[in-house]
Amino acid sequence: MSILHATTGVDLDDTQVGYAYRSTEELQLAYFLFRLLRYGRVVKIANKLGDKALRWGLPIQPILRNTLGRLFLGGETLSATLPLLRRLRQYNLTAMLDYAVEASHQIEAQEKALQEYVRMVEFAGKYPELVGYIAVKLTALASPTLWEKLSQGGSLPTYLIDEEKLFHERFSTLMQTAQRYQVPLMIDAEESWIQPAIDSVAEHYMQLFNSGDNILLYTTVQMYRRDRLAYIEKLLNVDYTVGIKLVRGAYVEKERQRAQTYGYPDPIHPTKAATDIAYDQALMMCLENIDRMALCVATHNRNSCMKAVQYAFLKKWAPDHPRLSFSQLYGMADPLSFGLAKAGFRVAKYVPYGPIDRAFPYLSRRAEENSSLSDQSGRELRWVAEELLRRRKGRD
Ligand SMILES: Cc1cc2nc3c(=O)[nH]c(=O)nc-3n(C[C@H](O)[C@H](O)[C@H](O)COP(=O)(O)OP(=O)(O)OC[C@H]3O[C@@H](n4cnc5c(N)ncnc54)[C@H](O)[C@@H]3O)c2cc1C
C-alpha cells in the first residue's frame, strides 16, 4: 500500500479498478502490443512502413484498426465514440474529445477542421455528462507557416495577413459556439517556434471568454521548457481567470534537434529529473492560486498526480473541486484515471477519434512513446500483466 493510499484512501495502483472497463481479450491485446512496442527500432521502422503503405493506398487499415486503433482511438467518427464515452461515464469519467488530424496548409482541410470542431462542441452540448472538454489544435485551423511567422514577429506577407484574419473569424465562430453550449475548449501546446503566437491567441480569447467561474478556454503549458515557470507566474497575474492544462511536453527530440541545427540554446530542461521538478513546482504554484485559475493536471506521472491529490486533501477540498481536473490519454495510465475518478476527482480521458489513416500520425506517436524504455512504458506493461494475472487467479 502506498503512503498516499494509506493517508488519503486514494489508490492509484488498483488494476482491478483501472481495467474494469476492459475485457480480458482487450487486455491480452494490450499486453501483446505493449510488449511489442518495447522494441524501439522495430516500432520506428514499422511507423515508417505504415506511413508509406497508407500513402501508396495499401490496405493496412484493418490491421491498424484492430491493433493500435482499438487501444488508443475512440472511434473513426464522432458518433462512433458514444459507446466508449458511455462506458467511461459508468466509472465517473468524462472525455476530452480530440479530432485526431494533423496540421494542414490547405484551406479546405482547415475549413473542414473548423466544421468538425463546431460539431464536437454541439455534440458535447448534447451530452454534457459524457464530454468534459474539447481539445483544439490551432495548427489545424491555420497553417504552421502562419504560426511560425507570427511567432517571429515583424510584418507578414499579404497572403498571411488574409490567413490570420480568416483564422480569427474561424476561432471566434468556435468560441461563440462553445459559449452557446457552455463547453470548455483546451488549446494544445505545440513546438516552441510556433508557440508564442499560439500563446497570444490563447491569452486574447481567454480574456474575452473566461469570466469568474465560467472558464471556457484553457491554454496548455509544457513544463519541459525552461522558460515556462516564469510564463505561469505571468499568467497568474493577469486580470482574468486563466485555464491551464499542465503537461510535460511531447517534442523533446524535435526541440533539441532544431536548437542544434540553428545554433540557439536548447529550450528544454537538460534531464527528465529537471522536467519533473519544474512540473511539480508549476503544479504547486497553480494549486496555491486556484482562486485565480482553473487547472487540468494532464499527466501519466503517478507522483505528480499524487502530489495534486495530497494537496487537495491537505486543504480539505472536495475532490470534485470545480477548478481542478485530471486527464490521461485513452489507452494509457488507466489505474491513475479510474483510481482518481473512483475517489471523486474530476477526470477526463483524452479520447481521440478520426479516420484510421488520418489518425495514423497520432497512433504512431503513441507507439513511439510506449517504445522508449521510460518508466511509463514499463509501468503500462506491469499494470496490464498484473491485471491479467489477477483475473487468471480469480478464475482458478
Ligand atoms: C491529457 C493530455 C494532453 C496532452 N496534451 C499535450 C499538448 O497539448 N502538447 C504537448 O506537447 N504534449 C501534450 N501531452 C503529452 C505530454 O506533454 C507528455 O508527452 C506525456 O504526457 C508524457 O509525460 P507525463 O507527464 O505523462 O509522464 P512522464 O512519463 O513522467 O514524463 C515523460 C515526459 O518527460 C519529459 N522528458 C523525458 N525525457 C526527458 C529528458 N531527457 N529531458 C527533459 N525532459 C524529458 C518529456 O516531456 C516526456 O514526454 C498531453 C498529455 C496528456 C496526458
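Counting convention: from 1, in listed order, for ligands and their atoms alike.
Close approach of ligand 1 to A250 (heavy-atom distance below 4.0 Å) involves ligand atoms 10 (C), 11 (O), 12 (N), 17 (O), 19 (O). When each atom of ligand 1 is checked for a heavy atom of S327 under 4.0 Å away, the hits are 1 (C), 53 (C). Listed by number with element, the atoms of ligand 1 under 4.0 Å from a non-hydrogen atom of Y350 are 1 (C), 3 (C). Close approach of ligand 1 to V252 (heavy-atom distance below 4.0 Å) involves ligand atoms 46 (C). Taking every non-hydrogen atom of D188 and a distance limit under 4.0 Å, the qualifying atoms of ligand 1 come out as 8 (O). Shown in contact with Q222 at under 4.0 Å from a heavy atom are these atoms of ligand 1, numbered in order with element: 10 (C), 11 (O). Per-residue contacts place T271 under 4.0 angstrom from the following atoms of ligand 1 (heavy atoms of the residue considered): 40 (C), 42 (N), 43 (C), 44 (N). Those atoms of ligand 1 with a heavy atom of R256 less than 4.0 angstrom away are 40 (C), 41 (N), 42 (N), 43 (C).
Contact check on K393 versus E387 returns no salt bridge, with no Lys/Arg side-chain nitrogen under 4.0 Å from an Asp/Glu carboxylate oxygen. Contact check on R256 versus E253 returns no salt bridge, with no Lys/Arg side-chain nitrogen under 4.0 Å from an Asp/Glu carboxylate oxygen. Ion pairing between R248 and D276 holds under the 4.0 Å rule for side-chain N and carboxylate O.
In this comparison of M332, M96, Q328, K272, the heavy atom closest to atom 32 (C) of ligand 1 sits on K272. The option with the heavy atom closest to atom 2 (C) of ligand 1, from among A298, A333, S337, is A298. Considering only non-hydrogen atoms, atom 49 (O) of ligand 1 lies nearest to G249 out of A189, A135, G249.
Between the side chains of E116 and Y353, at least one donor N or O sits under 3.5 Å from an acceptor N or O. Between R258 and Y264, the side chains place a donor N or O and an acceptor N or O closer than 3.5 Å (distance only, hydrogens not considered).
Judged purely by atom type and a 3.5 angstrom limit, N92 uses its side chain to pair as donor or acceptor with the backbone of A341. The closest donor-acceptor contact from the side chain of S337 to the backbone of Q328 lies at 3.5 Å or more, if one exists at all.
Any N or O atom pair closer than 3.5 Å counts here, and Y224 shares no such pair with ligand 1. For a threshold of 3.5 Å applied to N or O pairs, the pair formed by H300 and ligand 1 contains at least one separation below that value.
Ligand 1 is never approached by E253 to a heavy-atom distance shorter than 4.0 Å. The shortest separation from a heavy atom of K245 to ligand 1 is under 4.0 Å, placing the residue in contact.
Here Y251 has side-chain heavy atoms under 4.0 Å from ligand 1, and that is the only part of it that gets that close. Of the heavy atoms in T275, only side-chain atoms (C-beta onward) come closer than 4.0 Å to ligand 1. Contacts of H269 with ligand 1, taken as heavy-atom pairs under 4.0 Å, involve the backbone alone. In E255, neither the side chain nor the backbone holds a heavy atom less than 4.0 Å from any atom of ligand 1.
Applying the side chain to side chain donor-acceptor pair (under 3.5 Å) test to residues at least two apart or on different chains, the pairs with a partner in residues 158-170 are Q110-R170, E111-R170, S143-E163, H168-Y205.
In this structure, H321 and W317 have tilted ring planes: the angle between them lies in the 30° to 60° band. Ring planes of F338 and Y21: parallel class, angle under 30° (limits at 30 and 60°).
Judged by the 6.0 Å and 45° rule, K254 forms a cation-pi pair with Y251.
Residue R346 comes nearest to R323 through the heavy atom pair NH2-N, 4.2 Å, listed as atom of the first residue, atom of the second, then distance.
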